Amino acid sequence: MTTLNEPGQPVGIFCGVKDQPVWHAVADLCRDLGWVTGQSGRIAAAAVARILIEVDASIPGQEGYRIETVGQNVRIVGSDTLGVVFGIYAFSEQVLGVDPFWYWKDLAPTKRQTIDLPREPIIGAAPAFRWRGWFLNDEDLLTKFQDGGGQRNLDYPFYQQVTHPDLIDLACETLLRTGGNLIIPASFLDVMNPAEARLIEVAVARGLFVSQHHIEPLGVSAMGYETFWLTRGQPRQMRYSDEPEVVRETWRQYAQRWWELAGDRVIWQLGLRGRGDRPVWIDDKKITAQEAGRYISQAMADQMTIVREVDTRPAPPVTTTLFLEGAELMAAGELTIPAGVTIVFSDHGYSQKMQRDFHECAREAGRGHGVYFHIAFWIHGPHLAAGQSPQRAVAELAEVAGKGDTQYAIINVSNIREHIFGIDAAMLTMRDPQSVDLDAFWLRHLPRELVNLAQRYFDAVAPTDDGRLFQDGDGVSVANGCLRAGGGAAKTTKAITPDKLAAAADALEALSRDAAASNWPEGIKNFCVAQFVAAPLILACSYRVAIAAMAGDPAAAAGHIEKMLTQRQVGAVGRFANWYRGDDKANWPGKAVAFARLAKEKEKEKAGAGDVTEGSP
């Protein structure tokens, strides 16, 4: 076996590619070598290098790569810039043993005296999906995890702080390590704010393509539209029915700014939705639900015209995402989508199952089709604790691939850390839907003796009578219902009984106790504690809160939330010590205060009623 390094000596790296994304990956490779060998890699002349990094046009396909041992050296070559990047990260994972999720797992790579080079070439096959990526959505923990990212001017109670660019850079690195090439780096991203535009610049510097949320056609959300005009001294609401030319001019200015920031790395999004994440007719009252298809179709035609004005590519990549009412309108045949636009079908977030339009709509010859899939989903979860098993992601994305809808795939990953298993399973499926072995999948993350912990966790998530799951966000919803009722009994939109929730909570708490007593292998303790000690308790407590809220018992709800706040800190260790500082969406700390207040009020009312009774004749 040929070894890469002499113990105690740095490894020489020669990079013949001048592109910035490659040099970012080379810097990561130098760091990876330092972790594993104790000696960081160093840039060297080709004559003294042990790792040679080059573009080779003979490598087939887009983003292809080949890693091979040549004499005493290793050669990493790619068919293009991203091919080289993927080759470097494949070398780090498969030869050096660096986990793609090292940051989010707080994982220390295993140190080695020497690195054995592969006897046979490692070849990166063409991925099944052309565009593959992440949407950092509902990212409340990310935005407040690290200060210094800048502020936002957004009329919305969340995401007032911009995620720090260093954290976005780490997310981009992880995405590339898992074989992705596309990112939507924030919710409600407004590129007119330099702090938010910086997130696009970070992603592009990494070589990623960038796109927009389905409520931000050409980068303009309804709230971003309001901010744009407010800062110009002209307060406006987004009313496409009344002021189409003003709306078009706003789209045009944002499209121009996106093109300036990202150029040929932009994948455009078309559509028309309301404020927040609502149908357009909620806010634009002149558009009725019955007329929405016509207005949305006209908006997309306008947006496509703007794209062709701004984007100099012969065939700019453009998508439209059929989410909620978009899926319904498409299934009803009420949308006209411009030629050249990729149609992106969405799963139903509550169930993570593909919707009727995906199953029933005829595919148009010559048009690309793709998928938007929720690993995380707000408000009914999962959010602060994983929900659906990775098996669901594998099954649904494999079905998408089976229909040939492989032009585009993006997954909602929220704050990333809670959803590593689901994210990884989805990314593996995007690369090769036919080769995902779930037994082998678990061994990517855990020693064999710990795999049962993961299986127990996902088996314990409470099933509802209608075939869905009761996730942590469901606990939030039921708790909110009790608070709105002034401490009265809340109802749940999902068919489940308190007894079923209690049984699931018991199973989760038993798992947490067993996991806490485990002897963790060196290096992975923090990750395992977060996943199998803290996460089950978060989910179990959300079930206990829901039971109390359904019974109209604010005192019990407050007690369970206080227990959750204490127990979830078990997983907030290492670099993630202040991870829950940004818990604004579930806002369990705020709910603890509100339930405690209601409990005191109820006690006072009870005491007052008791005094009257005792003093009565």
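Numbers for residues simply follow the sequence, beginning at 1. Since the structure is predicted, the reported quantities are computational estimates derived from the model, not experimental observations.
Judged purely by distance below 3.5 Å, without hydrogens or angles, the side chains of D19 and T81 pair a donor atom with an acceptor atom.
Using a 4.5 Å heavy-atom cutoff, the side chains of R31 and D28 are in contact. Taking 4.5 Å as the limit, every side-chain heavy atom of V210 sits out of range of all side-chain heavy atoms of L182. Residues D147 and R581 form a side-chain contact, since some pair of their non-hydrogen atoms from C-beta on lies under 4.5 Å apart. Between T312 and W259, the closest side-chain pair of non-hydrogen atoms falls below 4.5 Å. Between H369 and Q407, the closest side-chain pair of non-hydrogen atoms is not below 4.5 Å.
Remark: E449 CD is packed, more than 12 non-hydrogen atoms of other residues, nucleotides or ligands lying under 6.0 Å away. Q151 CD: more than 12 foreign heavy atoms inside a 6.0 Å radius. Shown here is E6, whose CD atom has no more than 12 heavy atoms of other residues, nucleotides or ligands within 6.0 Å. For Q94, the CD atom counts as densely surrounded, since its 6.0 Å shell holds more than 12 non-hydrogen atoms of other residues, nucleotides or ligands. In the displayed structure, D437 atom CG is contacted under 6.0 Å by more than 12 heavy atoms of other residues, nucleotides or ligands.
Between F458 and W442, the two ring planes are tilted [angle within 30° to 60°]. Ring geometry for F145 versus F576: interplanar angle under 30°, hence parallel rather than tilted (30 to 60°). Between Y159 and F188, the ring planes are tilted. Angles from 30° to 60° get that label.
Taking the ring axis of Y580 as reference, the NZ or CZ atom of R568 stays within 45° of it and closer than 6.0 Å to the ring centre. Remark: R66 fails to qualify as a cation-pi partner of F86 under the 6.0 Å distance and 45° angle criteria applied to the six-membered ring.
In summary, E93 and R444 engage in a salt bridge, as defined by a charged side-chain N under 4.0 Å from a carboxylate O. By the 4.0 Å N-to-carboxylate-O rule, D459 lies too far from R456 to be salt-bridged with it.
Screening I184, T319, V341, V344 for a side chain to side chain contact (heavy atoms under 4.5 Å, CB included) involving Q269 leaves a single residue, T319. Each of Y89, W102, W104 was evaluated against T174; a single residue qualifies, W104, per the side-chain hydrogen bond (donor to acceptor under 3.5 Å, both in side chains) test.
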- Can E63 and N181 be said to form a side chain to side chain donor-acceptor pair (under 3.5 Å), step by step? CA-CA 9 Å; E63 302 173 357; N181 60 9; 2.9 Å; yes
- List the steps, then state whether ring-ring contact (aromatic ring centres under 6.0 Å, His included) holds for H374 with F323. CA-CA 11 Å; H374 292 83; F323 183 69; 5.8 Å; yes
